[in-house]
Amino acid sequence: MPTVASWNVNSIRARLDHVLRWLDEHRPDALALQETKVQDDDFPHEAFAELGYECAVVGQKSYNGVAVLSRRPLDVLATALPGFDDPQARVLAVALDDFALLDLYVPNGSAVGSDKYDYKLAWLEALTAWVETLLASHPALLVVGDFNIAPADADVHDPAAWQGKVLCSDAERAHLEALLALGLSDVFRAFEQPPESFSWWDYRQAAFRRNRGLRIDLILASSALAPRVSACHIDRTPRTWDKPSDHAPVVAELQA
DNA sequence: ATGGTGGCGCGGCCA
């Protein structure tokens with residue numbers, strides 16, 4: 001039963017020990033990373049190869065960066081949004097055995113109305129247009145990553161305080177809905193989950209200890225693949241480790 | 001509270 005996970009690690013170099021430990025403990029078939037924050041030449045391929053993982057990487061200096069680690073051979077399908085001129089490393093699509101995996105680091109957006117917010121919405125528009133064509137060529141598709149959007153108020157620790165704010169605004173949620181309308185489903189919500197399930201907690205003000213978080217890290221399955229997804233959960237454990245990422249891994253199980 | 005914490009890379013940006 002393949003296991004696929006997604007984790008915003010907030011620097012692969014700062015988090016290498018955590019990622020290696022988590023891989024060793026869980027042995028997922030594939031792990032999509034976001035915010036690797038490293039140029040491709042400096043990505044720690046060897047450390048992952050020792051655990052049996054091949055890495056595809058799309059990185060840049062200091063910011064952003066995505067990677068897919070796989071126990072089986074992977075073929076790179078795309079390293080950017082086609083037709084969207086973007087110097088930021090946020091997209092990696094790979095073909096695995098019998099499905100395709102699209103790893104995303106969606107722009108944060110900074111604040112509603114800012115230039116970064118406009119960039120986020122334009123980026124999401126281009127993403128949806130592309131995913132529609134990707135689904136035509138790769139009907140069995142998982143779209144995973146840090147979406148920087150909490151899909152609904154149930155994904156927010158304090159919906160009143162976050163109402164209309166970046167990560168929760170109506171326009172961002174409408175863009176996510178447009179993506180889902182291509183036939184993708186948020187697989188976390190296909191299964192019973194603990195209340196107050198989040199995937200990101202701000203480093204500040206003891207947000208994790210108080211569980212003041214958001215669920216912004218998602219695994220979306222195409223209609224062709226969704227029936228094979230048998231489970232999905234968020235693993236909070238690495239968020240309790242010393243010097244953690246501010247995000248927790250999201251894990252999905254697929255039937256063979 | 002225009003702070004609070006963390007990463008990158010050494011001042012200020014980004015989250």
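The sequence lines fix the lettering, A, B, ..., with proteins before strands; numbering per chain opens at 1.
Taking 3.5 Å as the limit, the base of B/dC13 and the side chain of A/Tyr63 contain a donor-acceptor pair of atoms between them.
In this structure, A/Lys61 reaches the B/dG9 phosphate: one of its side-chain N or O atoms is under 4.0 Å from OP1 or OP2. Residue A/Ser62 has a polar side-chain atom (N or O) positioned under 4.0 Å from OP1 or OP2 of B/dG9. Phosphate proximity of B/dG7 to A/Arg15: present, with a side-chain N or O under 4.0 Å from OP1 or OP2.
Of the residues near DNA chain B, A/Ser110 and A/Lys243, the one whose nearest nucleotide (by heavy atom distance) lies more toward the 5' end is A/Lys243. Judged by closest nucleotide on DNA chain B, A/Ser11 is the one of A/Arg90 and A/Ser11 placed further toward the 5' end.
Nucleotides B/dG3 and B/dG12 are separated by 15 Å at their P atoms, to the nearest Å. B/dC13 and B/dA1 have their P atoms separated by 25 Å, with the value rounded to a whole Å. Comparing B/dG9 with B/dC14, their P atoms sit 14 Å apart, to the nearest whole Å.
In this structure, A/Tyr203 places its OH atom 13 Å from P of B/dT5, rounding to the nearest Å. The CG-C1' distance, from A/Asp42 to B/dG9, rounds to 13 Å in whole Å. One can place CZ of A/Arg210 at 13 Å from P of B/dT5, the figure rounded to the nearest angstrom. Taking atom CD on A/Gln60 and atom C1' on B/dC14, their separation rounds to 11 Å, with Å as the unit. Protein atom CG of A/Asp202 is 13 Å distant from nucleotide atom P of B/dG4, rounded to whole Å. When rounded to the nearest whole Å, the span between CZ of A/Arg204 and P of B/dA1 equals 15 Å. Atoms CG (A/Asn10) and P (B/dG6) sit 11 Å apart, rounded to a whole Å. Spacing between atom NE2 of A/His247 and atom P of B/dG7 amounts to 13 Å, rounded to whole angstrom units.
Rounding to the nearest 0.5 Å places CD of A/Glu253 at 12.0 Å from CZ of A/Arg228. For the atom pair OG1 of A/Thr133 and NE2 of A/His138, the computed distance is 10.5 Å after rounding to the nearest 0.5 Å.
In this pair, A/Phe43 and A/Phe48 present their aromatic rings tilted. The plane angle is within the 30 to 60° band.
In the set B/dG12, B/dG6, B/dG9, the nucleotide with an atom closest to the side chain of A/Arg13 is B/dG9.
For the residue pair A/Asn8 and A/Trp200, no side-chain donor N or O sits within less than 3.5 Å of a side-chain acceptor on the partner. A/Asn10 and A/Lys37 form a side-chain donor-acceptor contact under 3.5 Å, judged by distance and modelled atom types alone.
No contact: A/Phe208 has no heavy atom under 4.0 Å from any strand.
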